[in-house]
Amino acid sequence: MRKWEENVKKVVPYTPGEQPQKKGIIKLNTNECPYPPSPLVEKKIKEMAYEDLRLYPEFPEKTQLAAELAAYHQVSEEEIFIGVGSDDVLSMAFLTFFQAGKPILFPDITYSFYDVWADVYGIPFQTKALAEDFTINPEDYLADNGGVIFPNPNAPTGTLLCLEDVEKIVAANQDVVVIVDEAYIDFGGISALPLLKKYENLLVVRTFSKSRAMAGARIGYAVGSAKLISYLNNVKYSVNSYTMNRPSLELGVEAVKDDAYFKEICGRIIATRTRTEERLKSLGFTFPKSYGNFIFAAHREVKAGYIFEKLKEYDIYVRHWEKERISNYLRITIGTDEEMDALFRALREIIK
Ligand SMILES: *Cc1c(COP(=O)(O)O)cnc(C)c1O
């Protein structure tokens, strides 16, 4: 190693699912929505003045998007923080709230970005093993700690923690910040948002990437007490003052306005998920009941790694991790009914 390299920050980055450039593939590997964004978003794109790009954007919390989200969740604009996807929101929240010097807690099997942020920001952490059936045991999060974060529903398992258990964790941890990452809450879960009235140390994080079909726009947000949000903004504006691009801020507004469309596509995905569960079962797969737009499944006989590679030969991409406890599982995003039909045609041949 050269001398200068000794003074370089060395981290192992997060690896997202592949984004193959090949046309015509069936992409069930990164939990994107298989349907387009709201038609209002399409209309807005066509009307948008390209001249607007000349100007810097406004601070996100001063925009119409913040106003729309505040109205949507019946909170004030001071209780909304907007970032470049929820990854940005979560990253800023780690940097802002997890400074106790004590280990923060999260599940052993969860969103694999959490340990990356902890490492890059030098935050000590401790993971808590999920139960055999992949559920979170709330008792694990009641001991002294530097903060708590978990997704609900959890990823990549899809399991849901009931609101009473979420409250148990928040109530027991009022000396630290508790972050609930609700990336998948719109697919049938019960949100922790109502708890915000009681707990000023709770931060609920949401994204437009999954249920609102706008992963490419990079819009995420957090809802929390005005105090929590102001601390978050102070850190955010110490890193980058123009955080969100103007087009995304404008398009996000249209997506929030079209609640009917939003509910319709979530309903369609939930219906396809139910059908997918039945068919996976009939093929010999087992999985925890999913509350996300994906299913985390293992086959009784055929190894997940083999199925994962074979599916690629059919141009079907799912997600697989070579990681302890979950190496025999595949995370399969719920696509359209037609995409799931193609998946089952392939699975039937691979498994027989
Ligand atoms: C997808 C995902 C995110 C990040 O989504 P963004 O596209 O950055 O908004 C955050 N948390 C979990 C659990 C996710 O699955």
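Just follow the structure's listing: the first ligand is 1, and inside any ligand the first atom is 1.
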Proximal ligand 1 atoms for G85, defined as those under 4.0 Å from one of its heavy atoms: 8 (O), 9 (O)
Atom indices of ligand 1 within 4.0 angstrom of R218 heavy atoms, with elements: 6 (P), 7 (O), 8 (O)
Is the backbone of V204 close enough, under 3.5 Å, to the side chain of E182 for a donor and an acceptor to pair up by distance? no
Measure from the side-chain N and O atoms of K10 to the backbone N and O of V8, and report whether any donor-acceptor pair falls under 3.5 Å. yes
Taking the minimum heavy-atom distance to [atom], which of [options] ranks first?
atom: atom 14 (C) of ligand 1; options: R331, E182, K210; result: K210
atom: atom 15 (O) of ligand 1; options: Y184, Y114, Y111, F150; result: Y184
atom: atom 13 (C) of ligand 1; options: N293, D181, V89; result: D181

Aromatic Y231 / basic K227 pairing, under 6.0 angstrom, 45° off normal: no
With R273 as the cation and Y184 as the aromatic partner, state whether NZ or CZ is under 6.0 Å from the six-membered ring centre and within 45° of the axis. no
Write out the residue and atom name of the closest protein heavy atom to atom 7 (O) of ligand 1, then the distance separating them to 0.1 Å. S209 OG, 2.6 Å
Nearest protein heavy atom to atom 5 (O) of ligand 1, by residue and atom, and its distance? S86 OG, 3.2 Å
Mode of A183 contact toward ligand 1 - side chain, backbone, both, neither (heavy atoms, under 4.0 Å): side chain
Does this structure show an ion pair linking R54 with E51, if we count only N-O contacts that are shorter than 4.0 Å? yes
Could you walk me through whether Y306 and H299 satisfy the ring pair (Phe, Tyr, Trp, His ring centres under 6.0 Å) test, starting with their C-alpha distance in whole Å, then the side-chain angles of each, then the deciding distance to 0.1 Å, before giving a yes or no? CA-CA 11 Å; Y306 173 79; H299 194 268; over 10 Å; no
